[in-house]
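Heads up: numbering here begins at 1 and tracks the sequence. Read the numbers this way: they start at 1 and go in the same order the structure lists the ligands and their atoms.
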Amino acid sequence: MAIARGIRENLGRASWIRRTFEEGRRLKEKFGTDAVFDFSLGNPDVEPPPEFHETILRVLREGGKGLHAYMPNAGYPFAREAVARKVSREHECPVSPDHVILTVGAAGALNVLFHTILDPGDEVVVPRPYFGEYYFYTLNHGGKMVTVDCRPDFELDPQRIAAALGPRTAALIVNTPNNPTGRIYRKETLAELAAVLEEHGRRVGRLPLLVVDEPYRDIVYDERKAPPILGLYPETAVVSSWSKTLSIPGERIGYLALSDSCSGIDEMMDGLVMSNRTLGFVNAPALLQRAVAPLEAKTADLSRYAERRKALAAILDAAGIPYAEPEGAFYFFCRVPEGGPSGSEAERERAFNQCLRNENILAVPGVGFDYPGWFRLSYCVPEATIAGSEAAWKRALLEWNR
Ligand code: PLP
């Protein structure tokens with residue numbers, strides 16, 4: 001059976017993150033876990049808080065009829081209420097439970113959203129570098145991704161975004177704290193962005209949807225806080241999940257909340273609920289909705305990431321590798337250091353990655369984020385992996401500078 005042309009054409013572009021992760025598994029089988037330093041996947045290794053397992057056990061013990069039955073496609077009413085409370089608190093702006101749906105992770109939410117709003121050829125603007133899956137989530141539903149560079153410090157650039165907006169712009173994705181850069185966008189920049197979108201919308205008669213993708217909202221450092229966004233612009237959707245904050249990415253539970261001020265919101269909600277059903281998700285996992293609803297304000301022990309961030313920063317500093325200091329999330333976005341062979345950014349990136357690979361260090365190459373010349377290290381890995389990699393980094397840099 002031949003696969004569809006569109007899928008075949010995109011196989012080559014398929015997730016660098018996953019590809020590197022699979023390579024890591026192969027290396028670990030060959031050399032043993034301790035000899036491989038896998039910084040590829042954002043797969044939190046910190047345990048979920050004990051309350052998560054306790055809640056699941058309690059729900060199962062109490063049982064009850066219909067525990068595993070279908071439910072309204074938007075989710076259990078109590079789970080929608082819990083999400084509405086969470087989003088209202090985090091964004092300092094009231095959100096009605098009627099404007100929330102529970103989804104199969106943030107990834108499910110983004111696909112449901114784009115399925116609902118995109119006509120063929122509609123554009124989704126994405127600041128670069130970006131989480132590579134956005135390309136597929138847009139393409140899946142007939143959309144076209146338009147990328148816009150951030151500033152050199154990886155802050156959003158509203159004026160550049162203004163220049164990228166057009167009559168076909170249906171949405172703009174803002175991911176903060178950002179994967180891969182760790183940047184938390186500033187309140188003032190977000191306000192400027194809201195003004196840019198309003199001005200554009202008035203001019204062309206179509207307000208783009210501002211999609212705030214924020215699965216890392218609670219993972220922040222040095223007393224920072226991700227600013228509220230929902231109240232800044234009338235057409236806003238917040239997409240998130242408990243994957244990273246409760247350390248349960250394999251359980252696939254997330255949500256989508258629309259700002260109460262969205263135009264045509266009743267029809268929009270009908271469309272989202274229908275897409276959640278007809279894309280085959282039907283509804284978010286029942287048991288997980290029951291588990292996260294009472295824990296909506298709870299997180300895993302996120303302080304562990306602050307320690308790891310410090311430990312890995314010390315190693316990168318000693319090795320002379322420049323990076324963007326992560327303000328949130330759990331990634332270092334690093335620049336391929338000076339030295340090494342001459343060539344294009346992409347060639348030097350490949351060569352540097354090979355140097356790392358020779359020492360069993362796995363990083364996701366910058367091309368995976370449409371940003372050659374850089375690479376991403378995920379530090380949601382055991383402390384021992386970070387400490388154990390120190391000598392390997394030294395050897396890799398010696399080799400690079402030879
Ligand atoms: N958005 C960003 C920026 C991510 O980094 C990820 C996962 O890594 C997702 C969305 C998808 O998360 P989920 O596991 O909730 O589907």
What protein heavy atom lies closest to [atom]? Include the residue and the distance to one decimal.
atom: atom 11 (C) of ligand 1; result: A107 N, 3.9 Å
atom: atom 12 (O) of ligand 1; result: A106 CB, 3.9 Å
atom: atom 10 (C) of ligand 1; result: D213 OD2, 3.5 Å

**OP:** Find out whether the Lys NZ or Arg CZ of R309 is both under 6.0 angstrom from the six-membered ring centre of F330 and within 45° of the ring's axis.
**Re:**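 R309 over F330 ring: no.
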Original post:
Does NZ or CZ of R335 come closer than 6.0 Å to the centre of the six-membered ring of Y323, within 45° of the ring's axis?
Top reply: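 No, cation not above the ring by the 6.0 Å, 45° rule.
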Report yes or no: do [X] and [Y] form a side-chain donor-acceptor pair below 3.5 Å?
X: Y130; Y: N175; value: no
X: T189; Y: E155; value: yes
X: N178; Y: Y185; value: yes

Original post:
So is R252 close enough to ligand 1, meaning a heavy atom under 4.0 angstrom away?
Top reply: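 It does; at least one heavy atom falls under 4.0 Å.
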Original post:
Would you call Y216 a ligand 1 contact, heavy-atom distance under 4.0 Å?
Top reply: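 Flag set, Y216 near ligand 1.
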Can you find an N or O of [X] that's nearer than 3.5 Å to an N or O of ligand 1?
X: S243; value: yes
X: L110; value: no
X: N179; value: yes

Original post:
Which of the atoms of ligand 1 are close to N175, meaning less than 4.0 Å from one of its heavy atoms?
Top reply: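 Here the atoms of ligand 1 in question are 3 (C).
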**OP:** Could you list the atoms of ligand 1 found under 4.0 angstrom from a heavy atom of G105?
**Re:**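 Going through ligand 1 atom by atom, the ones under 4.0 Å from G105 are 15 (O), 16 (O).
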**OP:** Compare Y137, Y130, F131, W242 and give the one whose heavy atom is closest to atom 6 (C) of ligand 1.
**Re:**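 The residue whose heavy atom sits nearest atom 6 (C) of ligand 1 is F131.
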**OP:** Starting at CG of L210, measure out to SG of C262 and round the result to the nearest 0.5 Å.
**Re:**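 Atom-to-atom, L210:CG and C262:SG are 9.5 Å apart.
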Original post:
Going by heavy atoms in the side chains, are L258 and L272 under 4.5 Å from each other?
Top reply: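 Contact flag for L258/L272 side chains = yes.
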[X], portion touching ligand 1 at heavy-atom distance under 4.0 Å:
X: P249; answer: neither
X: Y134; answer: side chain
X: K244; answer: side chain

**OP:** Go through the steps for F332 and Y379 under the test ring pair (Phe, Tyr, Trp, His ring centres under 6.0 Å), then give the verdict.
**Re:** CA-CA 8 Å; F332 274 96; Y379 53 90; 5.3 Å; yes
**OP:** Apply the side-chain contact (heavy atoms from CB on, under 4.5 Å) test between V174 and each candidate in D213, V126, L193; give the one that qualifies.
**Re:**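 Looking at D213, V126, L193, the match for V174 under the side-chain contact (heavy atoms from CB on, under 4.5 Å) is L193.
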